[in-house]
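The structure under discussion appears below in the form of structure tokens.
Just so you know, residue 1 is the first one in the sequence shown, and it goes up from there.
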Amino acid sequence: MTNIAEFNRLDLELKREFYTSFKEAMEELERCFSRLDTKYDQETINEMFRAVHSVKGNSHMVFLDSVAEVCHKLEDIADQIRQGDYLYTPAQGEFMTFVFARLEQLIAEAISLGSIPDIHVEILLKGGSHVYDASLSTRDSVIQTTLESFSGILTNSEDESEQVLKRLAQQGRGAVQASVPEVNQSFDGIEFMASVAQRVSSQSIQQPGDQEKLLSLCLWLNDRLGSVVDEDQLRAAFYFQTLGARFVSSPVFDIALRSASWEKNKALEQLELSAGFLKLSNQWAEAAEIILQSYERYDGLGPLGLKEDEINQGSMIIALIRYYQQCYFKLKKDHKVKIAVSKSLSRINSEESYRFSPEIVLLFNQMVHSDVLGVSL
């Protein structure tokens, strides 16, 4: 049994107060998970992290270090989500809810029986480690397997608990074997870029799914132009265009004619860094060029002075879709979807022959009016 002698010496009223605060934190977490299951929200994620962090601290204060240790593991998982290393998924909320429910039982046992079984703490820690160590693409499946391994944990049977530990140990060995790549396993560059872009976008104004929708718009325009750009090159440029902003801090989201020199230089520095990652391989040379020219204007007044047909078509495609995204998100704050879309389209039309080529503007108008893919984000 875990040594909780210091906890047992505490006044019963203080123990009950701790138990009540733990229950309140559980309810707060459930509210956070309920909101996140329907809509991504960074502040809700911050609240989720603070709730777990608070329980960990309170557990230390009443000398339940074993409970605090499990909470620490959950805090690490919550921090991965808070930092944008992992997107929140309902499976992660389900896992943390289950672990907290078991911790609640252990705290109740500590108050009534004066002890906490070591094996149950070990089970929760091992399960938490499996989830924490899981890769971005496998975490939800690891959670499902872990919860299946947990079957029997809610009983007080020592035999059942031993079986849970054995299942978790087997699961851990299987994860190690699965993580070792085969010698001839191919590396998918586009899939890697998409994964990087997903992590970057998780810290932006984009909601889950927005990135792929914007990419679909780019691919649609390219197709209507007669596939003037190789699809993989366009995908690579789309995924990596904003990567430089993670390393070069700047309040600039777009270069306008009125932008100051320092703003233009800072924005170009971001583009050069984004393109630099792609220049590491000759395979993505065109994608790098698309990124470098993505602030050019059809009228030749962009930072590099390129105009009309001198500008890579992929650059013009991505520039128009990014411009639409910025307009839409600004207008959506004050207007309904249809009005925001209409006003965004009007702003794009006003830039015809100035910022964008007439051909691309015409195609985008056709897309909006036919609503081929849907243009609300």
Heavy-atom count check: over 12 atoms from other residues, nucleotides or ligands less than 6.0 Å from [X] [atom1]?
{"X": "Asp11", "atom1": "CG", "answer": "yes"}
{"X": "Glu17", "atom1": "CD", "answer": "no"}
{"X": "Glu148", "atom1": "CD", "answer": "yes"}

Which atoms form the tightest heavy-atom contact between [X] and [Y], and what is the distance?
{"X": "Leu103", "Y": "Cys71", "result": "CD1-SG, 3.9 Å"}
{"X": "Ile4", "Y": "Ala110", "result": "CD1-CB, 3.8 Å"}
{"X": "Phe7", "Y": "Phe63", "result": "N-CB, 4.0 Å"}
{"X": "Ser21", "Y": "Asn58", "result": "OG-ND2, 4.1 Å"}
{"X": "Ala236", "Y": "Leu278", "result": "O-CD1, 4.1 Å"}
{"X": "Ser353", "Y": "Pro358", "result": "OG-CG, 3.4 Å"}

State whether [X] and [Y] are salt-bridged, where the test is any N-O pair (Lys NZ or Arg NE/NH1/NH2 against Asp/Glu carboxylate O) under 4.0 Å.
{"X": "Arg235", "Y": "Glu231", "value": "yes"}
{"X": "Arg102", "Y": "Glu109", "value": "yes"}
{"X": "Lys39", "Y": "Asp41", "value": "no"}

Between Phe356 and Phe364, does the ring centroid distance fall short of 6.0 Å?
no
Ignoring hydrogens and angles, tell me if any N or O in the side chain of [X] forms a donor-acceptor pair with the backbone of [Y] under 3.5 Å.
{"X": "Asp223", "Y": "Leu219", "answer": "no"}
{"X": "Gln233", "Y": "Gln283", "answer": "yes"}
{"X": "Thr20", "Y": "Arg16", "answer": "yes"}

Begin from the C-alpha positions of Phe95 and Ile77 and carry the test side-chain contact (heavy atoms from CB on, under 4.5 Å) through to its verdict.
CA-CA 10 Å; Phe95 176 77; Ile77 294 171; 4.1 Å; yes
Can a donor-acceptor pair be found between the side chains of Thr138 and Ser135 at a distance below 3.5 Å?
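Thr138 vs Ser135: donor-acceptor pair found between side chains.
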Is the closest side-chain donor-acceptor distance between Asn312 and Glu289 under 3.5 Å?
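Distance-only check passes for Asn312 and Glu289.
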side-chain contact (heavy atoms from CB on, under 4.5 Å) between Thr44 and Tyr88: does it pass, once the steps are laid out?
CA-CA 11 Å; Thr44 301; Tyr88 172 84; over 6 Å; no
Under 4.5 Å between any side-chain heavy atoms of [X] and [Y], yes or no?
{"X": "Gln92", "Y": "Gln80", "answer": "no"}
{"X": "Phe238", "Y": "Arg322", "answer": "yes"}
{"X": "Glu30", "Y": "Phe100", "answer": "no"}
{"X": "Ile348", "Y": "Tyr324", "answer": "yes"}
{"X": "Leu106", "Y": "Pro117", "answer": "yes"}
{"X": "His120", "Y": "Leu124", "answer": "no"}
{"X": "Phe18", "Y": "Leu64", "answer": "yes"}
{"X": "Lys307", "Y": "Asp299", "answer": "no"}

Would you say [Y] ends up clustered with [X] if hydrophobic residues are merged whenever their side chains have heavy atoms under 4.5 Å apart, either directly or through other cluster members?
{"X": "Leu331", "Y": "Val341", "value": "no"}
{"X": "Leu234", "Y": "Leu292", "value": "no"}
{"X": "Val55", "Y": "Phe98", "value": "yes"}
{"X": "Ile116", "Y": "Leu14", "value": "yes"}
{"X": "Leu271", "Y": "Leu320", "value": "yes"}

Evaluate the side chain to side chain donor-acceptor pair (under 3.5 Å) criterion for residues Ser315 and Glu296: first the C-alpha distance (whole Å), next the side-chain angles of each, then the deciding distance (0.1 Å), finally the verdict.
CA-CA 8 Å; Ser315 305; Glu296 293 307 285; over 6 Å; no
Test side chain to side chain donor-acceptor pair (under 3.5 Å) applied to Arg31 - qualifying residues, sequence neighbours left out
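Arg31 satisfies side chain to side chain donor-acceptor pair (under 3.5 Å) with Glu28 once adjacent residues are dropped.
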List for me each residue that meets side chain to side chain donor-acceptor pair (under 3.5 Å) alongside Asp140, sequence neighbours excluded, and say none if there are none.
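Once residues adjacent in sequence are excluded, the partners of Asp140 under the side chain to side chain donor-acceptor pair (under 3.5 Å) criterion are Thr89.
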Which value, rounded to the nearest 0.5 Å, describes the distance between [X] atom [atom1] and [Y] atom [atom2]?
{"X": "Asp76", "Y": "Arg82", "atom1": "CG", "atom2": "CZ", "answer": "11.0 Å"}
{"X": "Leu225", "Y": "Trp220", "atom1": "CG", "atom2": "CH2", "answer": "9.0 Å"}
{"X": "Lys126", "Y": "Thr146", "atom1": "NZ", "atom2": "OG1", "answer": "12.0 Å"}
{"X": "Tyr132", "Y": "Arg139", "atom1": "OH", "atom2": "CZ", "answer": "8.5 Å"}
{"X": "Ile45", "Y": "Asp79", "atom1": "CD1", "atom2": "CG", "answer": "11.5 Å"}
{"X": "Glu308", "Y": "Met316", "atom1": "CD", "atom2": "CE", "answer": "9.5 Å"}

For Lys343 and Cys327: C-alpha separation, side-chain torsions, deciding distance, then whether side-chain contact (heavy atoms from CB on, under 4.5 Å) applies.
CA-CA 8 Å; Lys343 287 182 174 291; Cys327 291; over 6 Å; no
Side chain to side chain donor-acceptor pair (under 3.5 Å) contacts touching residues 47-57 (sequence neighbours left out)
Arg35-Glu47, Glu43-Arg50, His53-Glu75, Lys56-Glu75
Given Val62 and Lys15, is the side-chain contact (heavy atoms from CB on, under 4.5 Å) satisfied, shown in steps?
CA-CA 8 Å; Val62 297; Lys15 296 176 185 177; over 6 Å; no
